[in-house]
Protein chains: 2
Amino acid sequence: MKIDPKKPADLSAQIAQAIRDAIISGELIVDERLPSEAELSEQFQVSRPTVREALKRLAAQSLIRTQRGASGGAFVNRLSFEGAYSQQITTSTLLLSMNAVSFDTACEARFALERACAALSAQRRTADQLATMRAEIHRQSQPGLTDEAFCASDVAFHRALVDGAGNPVLSYQLAGAVEAMQPLMNMITFTARSREAIIAFHNQIADALEHGDSTKVDAALVSLENYTRQLAQDVAQQRRKPA
Amino acid sequence: MKIDPKKPADLSAQIAQAIRDAIISGELIVDERLPSEAELSEQFQVSRPTVREALKRLAAQSLIRTQRGASGGAFVNRLSFEGAYSQQITTSTLLLSMNAVSFDTACEARFALERACAALSAQRRTADQLATMRAEIHRQSQPGLTDEAFCASDVAFHRALVDGAGNPVLSYQLAGAVEAMQPLMNMITFTARSREAIIAFHNQIADALEHGDSTKVDAALVSLENYTRQLAQDVAQQRRKPA
DNA sequence: AATTTTTATTTGTCTGACATTTAAAAGTCT
DNA sequence: AGACTTTTAAATGTCAGACAAATAAAAATT
């Protein structure tokens with residue numbers, strides 16, 4: 001674990017990379033304690049603030065955690081799926097908002113991924129996951145539901161669908177796409193009209209899933225995708241020439 | 001953009017979050033310059049090293065870049081797909097290596113995603129992308145090719161396939177899955193035997209793609225997935241009882 | 001007018017210090 | 001001896017002040 005002393009700028013970035021490499025290569029294993037900041041600064045021949053900046057970089061990526069006190073220090077994190085979600089979502093959100101990805105593109109990607117999950121989910125979904133979906137549909141039918149609550153329930157429904165595939169890697173991948181799109185999705189579910197239609201699609205999906213009919217699940221998702229894209233177009237058009 | 005002065009610990013994390021929120025909410029826009037470190041430390045009532053630690057956290061997520069000199073400072077980054085790849089890959093690699101995700105699970109997710117792309121790619125792939133795939137297949141057939149070069153070409157082939165979908169969000173999502181799996185994939189392509197089989201599948205895919213036959217592309221990918229999983233099982237078994 | 005020099009600003013780094021947290025060691029009492 | 005309390009040491013968290021290096025704008029010079 002060494003750094004190049006010839007490149008003077010960005011020492012903290014170099015040190016962070018060196019430690020990162022050590023973690024990825026397995027040289028440092030999960031829950032192992034890194035040397036103290038004082039020892040690291042000695043080892044890399046830099047000051048403690050520089051070492052600290054490097055450690056903060058790694059902390060930002062959830063690669064390490066720090067603990068104060070006598071037997072404290074920096075420890076290698078076991079990266080959990082849950083922990084990775086938030087990063088994924090932050091990154092995806094920024095990508096969508098800053099890079100001017102069209103709603104259509106994001107929508108297509110999201111449903112393409114979801115349909116891939118749905119095929120597996122039709123075979124594997126547990127009774128519990130199906131019950132969750134039914135319960136969310138029921139909640140979505142409540143008259144007094146706020147838009148935010150409807151959207152949250154919508155996410156929960158699709159989350160259960162995806163989790164039904166029983167593949168945490170897929171769940172992880174999709175969480176980013178779905179949640180990042182949510183702000184954009186919100187604005188198109190603002191009428192009771194579209195709620196009814198969406199609930200109808202959800203029922204189609206749940207029914208098909210109950211019978212393990214992956215073809216019908218796929219068809220329902222395609223319909224939902226088309227409906228969603230159409231709604232988004234209408235919203236965009238309405239904005240162009242408002243009442 | 002404020003922080004809670006009552007929670008004394010982790011000031012740099014709080015400041016980083018405050019700035020991060022400002023970026024996500026659009027309060028700070030792309031290429032806008034943040035206040036100087038001195039001004040930020042004044043604004044948040046903390047010392048400059050603390051501000052710097054916060055900025056390094058953001059830099060680790062590629063949310064900002066810094067520049068020295070008179071009109072230098074920290075600037076909000078336009079998050080590019082390319083920039084997001086590396087983070088995605090780092091995270092995915094760690095998830096796979098530390099969380100003991102089985103090869104089967106990772107493999108299933110990867111091919112599920114890839115098949116989702118392939119359906120779109122069959123409709124949209126450009127002649128250029130098809131040519132890239134053919135060229136990679138040709139390279140893979142070279143006798144003296146090292147294992148590393150073969151694997152790199154393999155990645156390039158699938159990359160072209162995925163890019164053929166013309167959906168950068170999908171390309172981004174898949175890049176993480178494919179590249180994170182590569183180290184695991186490497187060990188199963190160590191015989192000339194498996195290379196031949198893999199090349200055959202690649203040819204099937206390219207042929208089907210040339211004719212826009214998404215059904216055949218799908219079938220070829222399923223076959224490749226099964227073959228890959230079988231190879232991985234064999235490798236695992238061979239390790240259990242070596243010669 | 002073009003070029004060079006100076007200057008001011010900003011990040012990068014260092015030194016040294018103190019505060020806070022925490023676990024272990026030492027001490028004390030029953 | 002054992003349980004409880006106090007002390008201590010080690011580690012991170014934070015601060016203040018300083019200098020180095022880079023860089024662009026301003027000033028001076030040719």
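Per chain, numbering begins at 1; letters A, B, ... match sequence-line order. Source: prediction; values computed, not measured.
Of all the heavy atoms in A:Asp163 and A:Ser171, the pair that sits closest is OD1-OG, 2.9 Å.
Closest contact between the side chain of A:Pro49 and the listed nucleotides D:dA21, C:dA8, C:dC14 involves C:dC14. Of the listed nucleotides (C:dA8, C:dT20, D:dA22), C:dT20 has the atom at the smallest distance from the side chain of A:Arg68.
Distance, A:Gln67 CD to C:dT20 C1': 14 Å, rounded to whole Å. For B:Asp10 and D:dA11, the CG to P distance is 19 Å, given to the nearest whole Å. In this structure, A:Gln14 places its CD atom 13 Å from P of C:dG12, rounding to the nearest Å. Regarding A:Glu37, its CD atom lies at a distance of 14 Å from the C1' atom of C:dT21, rounded to whole Å. Taking atom CG of B:Leu11 as the reference point, atom P of D:dG13 lies 11 Å away to the nearest angstrom. A straight line from CZ of A:Arg65 to P of C:dT22 spans 14 Å, rounded to a whole angstrom.
The number of heavy-atom neighbours closer than 6.0 Å to CD of A:Glu32, taken from other residues, nucleotides and ligands shown, is above 12. Within a 6.0 Å sphere centred on CD of A:Glu42, heavy atoms belonging to other residues, nucleotides or ligands number 12 at most.
Put simply, A:Thr66 has a side-chain N or O that comes within less than 4.0 Å of OP1 or OP2 on D:dG13. Contact between the side-chain N/O atoms of B:Ser71 and the OP1/OP2 oxygens of D:dA24 is not found at any separation under 4.0 Å.
Ionic pairing of B:Arg110 and B:Glu114 is present here: one or more N-O contacts between side-chain nitrogen and carboxylate oxygen are shorter than 4.0 angstrom. Between A:Glu27 and A:Arg20, no side-chain nitrogen of the basic residue sits less than 4.0 Å from a carboxylate oxygen of the acidic one, so the salt-bridge criterion is not met. By the 4.0 Å N-to-carboxylate-O rule, A:Glu136 lies close enough to A:Arg139 to be salt-bridged with it.
Listed by chain and residue number, B:Phe157, B:His158 satisfy the ring-ring contact (aromatic ring centres under 6.0 Å, His included) test with B:His202 (two or more places apart in sequence, or in another chain).
As judged by a 4.0 angstrom heavy-atom cut-off over every strand, A:Arg33 is placed among residues touching the sugar-phosphate backbone only.
Residues from residues 50-58 of chain A placing a heavy atom under 4.0 Å of any atom in DNA chain D, listed by number, are A:Arg52, A:Lys56.
For A:Gln45 and B:Ala74, each mapped to the nucleotide of DNA chain C holding its nearest heavy atom, the one lying further toward the 5' end belongs to B:Ala74.
For a distance-only test at 3.5 Å, the side chain of B:Arg48 qualifies as a donor-acceptor partner of the base of C:dT13.
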